[in-house]
There are 2 protein chains.
Amino acid sequence: MKKDTKLSAALHIILHMAEVDGPMTSDRLARAMRTNPVVVRRMMAGLRERGFVTSEKGHGGGWKLNCDLKTTSLGDIYSALGSPDCIALTHRDENTSCLVELAVNVALKSAFEEAEALLFARFDEVMLADLSDDFHTRFAALKQGGTPHDESKSVS
Amino acid sequence: MKKDTKLSAALHIILHMAEVDGPMTSDRLARAMRTNPVVVRRMMAGLRERGFVTSEKGHGGGWKLNCDLKTTSLGDIYSALGSPDCIALTHRDENTSCLVELAVNVALKSAFEEAEALLFARFDEVMLADLSDDFHTRFAALKQGGTPHDESKSVS
DNA sequence: TTTCATGTAATATTAAAAGTTACATGAAAA
DNA sequence: TTTTCATGTAACTTTTAATATTACATGAAA
């Protein structure tokens with residue numbers, strides 16, 4: 001299976017929007033993410049339905065953040081993206097008549113569910129503001145340290 | 001991505017072998033699993049390398065269990081299968097120069113690793129004998145209850 | 001009325017797992 | 001010794017789900 005990257009992409013986009021005044025177009029976001037504007041729109045559609053972002057057509061249009069970073073969690077975003085499957089293992093036959101396979105399924109299912117629950121709990125704990133703060137800390141450290149990276153490279 | 005079913009399949013096969021005297025051929029196992037004998041061999045190769053099963057060519061050949069169900073864990077089997085990736089999410093760019101993306105990656109990575117660690121811990125806790133016991137309990141209950149399923153259907 | 005931007009359906013590409021084919025190796029049976 | 005049976009494995013095909021692309025509709029501002 002190809003792994004899902006929507007959560008990673010959505011968070012990246014949200015934090016970029018948080019750093020910018022005014023709307024960002026799908027084209028601009030897609031270039032920053034090295035992907036396609038339609039992919040951006042498709043992904044953002046879920047966030048718009050939940051009210052985390054808004055969009056405007058036409059000149060001066062684009063996407064704007066519409067949520068409080070302090071109270072919006074990674075879990076909120078993950079859920080808005082449709083909660084893509086996060087466990088890459090499964091059993092072959094969900095409704096088996098083989099008692100051996102049933103015993104295997106039961107054991108694996110409970111392990112998968114526990115791991116998934118832990119992941120969701122972590123997602124719920126971490127707020128967008130935590131990520132934003134982490135970025136600002138790194139950015140300040142970079143400027144203080146006087147490393148040779150220019151700012152534009154460090155935020156897009 | 002297509003989800004991985006090797007752990008489920010391997011456990012199913014192992015528990016079936018535990019119920020049978022003498023070797024099982026890949027063909028027979030493949031029919032029971034509704035898959036292909038080559039797929040069975042490929043999967044079993046990992047188990048053979050770790051000594052959990054043995055194989056013999058020619059007449060009367062096939063696969064035999066060669067491990068103690070009480071001391072062999074799901075984790076041992078998972079590892080013998082090559083520890084296939086169990087988290088279906090990832091980030092887009094592992095080595096990014098964007099500090100925003102870096103902050104996202106760090107947060108997600110730690111969440112993924114915690115969930116994976118929990119899954120592995122569960123795998124290590126559960127022994128093959130636990131699954132076998134569960135099967136035998138279900139099988140005994142089925143016979144006692146006098147339900148209309150025949151035995152052959154209930155174990156293959 | 002033209003340009004810009006989103007909205008979305010339809011289609012194509014890609015990556016990873018599973019399945020298949022083909023043939024080599026070796027052991028037991030005839 | 002020759003045939004049959006079974007594993008061993010490389011090469012290739014199929015399948016599935018995510019991602020990417022194309023095409024066109026909608027609507028807002030210049």
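Computed from heavy atoms alone, side chains included, the values below leave out hydrogens, waters and symmetry copies.
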Distance-minimising heavy-atom pair for Pro37(A) and Asp27(A): CG-OD1, 3.8 Å
Heavy-atom closest pair, residues Leu89(B) and Asp85(A): CD2-O, 3.8 Å
OP1 or OP2 of [N] under 4.0 Å from side-chain N/O of [X]:
| X | N | value |
| --- | --- | --- |
| Thr25(B) | dT7(D) | no |
| Ser26(A) | dT6(C) | yes |
| Arg28(B) | dA6(D) | no |
| Ser55(A) | dA5(C) | no |
| Lys6(A) | dA18(D) | no |

Aromatic ring pairing Phe123(A)/Tyr78(A), orientation class (parallel under 30°, perpendicular over 60°, tilted between): tilted
Rounded off to whole Å, could you give me the [atom1]-to-[atom2] distance for the [X] and [N] pair?
| X | N | atom1 | atom2 | answer |
| --- | --- | --- | --- | --- |
| Arg92(B) | dA20(D) | CZ | C1' | 10 Å |
| Arg42(A) | dT21(D) | CZ | P | 11 Å |
| Arg34(A) | dT21(D) | CZ | P | 14 Å |
| Arg41(A) | dT8(C) | CZ | P | 11 Å |
| Asn36(B) | dA6(D) | CG | P | 16 Å |
| Glu49(B) | dT7(D) | CD | P | 17 Å |
| Leu47(B) | dT7(D) | CG | C1' | 15 Å |
| Asp4(B) | dT16(D) | CG | P | 16 Å |

Suppose we define a pair by two distances each less than 3.5 Å, Watson-Crick or G-U wobble; what does [N] pair with here?
| N | value |
| --- | --- |
| dA30(D) | dT1(C) |
| dT3(D) | dA28(C) |
| dT13(C) | dA18(D) |

Check against side chain to side chain donor-acceptor pair (under 3.5 Å), Asp134(A) and Thr137(A): CA-CA 5 Å; Asp134(A) 185 32; Thr137(A) 303; 5.3 Å; no
Nearest to side-chain heavy atoms of Lys57(A), which nucleotide of dA18(C), dT9(D), dT6(C): dT6(C)
5' precedence on DNA chain C between His59(B) and Pro84(B) (nearest-nucleotide basis): Pro84(B)
Base dT19(D) paired with Lys2(A) side chain (donor-acceptor, <3.5 Å): no
Lys/Arg-Asp/Glu bridge criterion (N-O < 4.0 Å) met for Asp4(A), Lys6(A): yes
Touch class at under 4.0 angstrom, heavy-atom based, for Gly60(A) against every strand present: nothing
